[in-house]
2 protein chains.
Amino acid sequence: MTGAAVFDAARPRYSKLIEVATELFSSNGYEGTTIRQIAGAMGVKSASLYSHVGSKADILREIVLDVAREFTESAIAAKAQASTGEEELRALCRAHMRVMTGRAGAVVVYFHNWRKLNTEYQREIVSLRRRYEGFFRVALRKAIEDGSYRPVDVARSVRVLLGALNWTYEWHSPKRRLSAEALADEILGVIVAGLRRERP
Amino acid sequence: MTGAAVFDAARPRYSKLIEVATELFSSNGYEGTTIRQIAGAMGVKSASLYSHVGSKADILREIVLDVAREFTESAIAAKAQASTGEEELRALCRAHMRVMTGRAGAVVVYFHNWRKLNTEYQREIVSLRRRYEGFFRVALRKAIEDGSYRPVDVARSVRVLLGALNWTYEWHSPKRRLSAEALADEILGVIVAGLRRERP
DNA sequence: CCTACCGATCGGTAGG
DNA sequence: CCTACCGATCGGTAGG
């Protein structure tokens, strides 16, 4: 909930740099953005950036790891407020879509560029993802155990759910009136209800 | 089924160029790949590429439009072989996953870079996509009308389905034994069955 | 935060 | 397909 790009009031120029770089990376790509463009958008010369950051790759790493951690933090907060498995799963989906829409630029940068990080940071991302998917699996398992949901293949169902949620970055425009919560409920609703007619 | 990168035996060097560029763009990104890298992988000097292609942007356009058209062509072929709506939807999902896995490199390049095309070609992509999603909507509507499926929100369900299918490029490794068809059936199966317990 | 500058490399062209 | 080369621009550094 409090990523460096949002908070970090102690280093306002650094925060501004990350914010500006996020927007440029998300629309022009990482390699398609130059240090001079970032500096220009901040109203300084390119050499001045290097007093705040060590290299261009450091900027990418900061953006990607920050938003990946934010997904995890917001999921932990969401879990804490739910009691049943069904509630927990819905809370996780809503939290996921809040990050997706609230940090849309950083999310695109994350999805498109996390594999460009060095091995160490890629491993951290993979580890964060695994844990994150685990939250969804636990919630679904709880909902199955208390009889709300059928005994489905948990890992498979979670992958379908997260795939559908993640892909919204490709078509959902923030201008639409649909809130993050409504979007999450719609998608989860499709998967909960299923297409098949109930046999009476 | 017969994209230029696969066929085009009349211009073998051009095909090779597109094939090599596809692999490099998919692993290093479009801006992260240089003309010299592409030439190097073909065993020629960079200047030699310009007898086959007008610019670097032309290479990207060729890859992206080719795979986008292949999705459409393969969907048309799949439709033709199905009779009921349920069969048609399954055939469309399987065809989709065959392109996803068979042209994995080009698919990544497409997903990550189609917005870098100029307005004209972006419009063509959007138009191809709209038509493509239409195929899925028609099939689902047929399955609802013949009573196989519940009267769900068709547009919403198709978006969830295609999102789940498309997102597989992020986690599905071709080394796994799972075929494109099995993967498609799994994902469609989750959405068809749904999570909710049938009330007896 | 700046000026001044570095070597390296970029996409692309001329002219065979 | 090559050699030779172009101007522009890249990420980054030195030294205030």
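Chain identifiers are assigned alphabetically (A, B, ...) following the order of the sequence lines, protein sequences preceding nucleic acid strands; residue numbering begins at 1 within each chain.
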Gap between atoms CG and C1', on A/Leu49 and D/dG12 respectively (whole Å): 11 Å

At under 4.0 Å between heavy atoms, how does the protein contact nucleotides 4-11 of chain C? Give one character per nucleotide, 5' to 3', with B, S or -. B-----BB

Would you please confirm or rule out a distance under 4.0 Å between OP1 or OP2 of D/dC2 and any side-chain N or O of B/Ser48? yes

How close or far is atom C1' of C/dG15 from atom NZ of B/Lys45, stated in whole angstroms? 18 Å

Does A/Glu31 have any salt bridge (Lys or Arg N to Asp or Glu O under 4.0 Å) partners at least two apart in sequence or in another chain, and if so, which? A/Lys116

Grab the stems for DNA chain D, please: at least three consecutive Watson-Crick or wobble pairs, both distances below 3.5 Å, written as range with range. C:1-16 with D:1-16

Hey, could you give me each pair passing ring pair (Phe, Tyr, Trp, His ring centres under 6.0 Å) that has a residue in residues 61-97 of chain A? Not counting sequence neighbours. A/Phe71-A/His96, A/Phe71-A/Tyr132, A/His96-A/Tyr132

Check salt bridge (Lys or Arg N to Asp or Glu O under 4.0 Å) between A/Glu23 and all other residues, then give those that pass, not counting sequence neighbours. none

Enumerate donor-acceptor pairs with a distance under 3.5 Å from any side-chain N or O in residues 133-142 of chain A to protein atoms, sequence neighbours excluded.
{"from": "A/Lys142", "atom 1": "NZ", "to": "A/Ser83", "atom 2": "O", "distance (Å)": "3.2"}
{"from": "A/Lys142", "atom 1": "NZ", "to": "A/Glu88", "atom 2": "OE1", "distance (Å)": "2.9"}

Only counting residues at least two apart or in another chain, list the ones meeting salt bridge (Lys or Arg N to Asp or Glu O under 4.0 Å) with A/Asp146. none

Who passes salt bridge (Lys or Arg N to Asp or Glu O under 4.0 Å) against A/Arg13, sequence neighbours left out? none

Between C1' of C/dG12 and NE2 of B/His52, the distance in whole Å: 16 Å

Value in whole Å for how far the P atom of C/dC1 lies from CD1 of A/Ile38: 14 Å

Check whether A/Asp66 reaches the backbone of A/Glu62 with its side chain - one donor and one acceptor, N or O, closer than 3.5 Å. no

Between A/Ala57 and B/Val44, who's closer to the 5' end of DNA chain D by nearest nucleotide? B/Val44

Can you list the residues that meet the side-chain contact (heavy atoms from CB on, under 4.5 Å) rule with A/Ala180, with sequence neighbours excluded? A/Met97, A/Arg98, A/Thr101

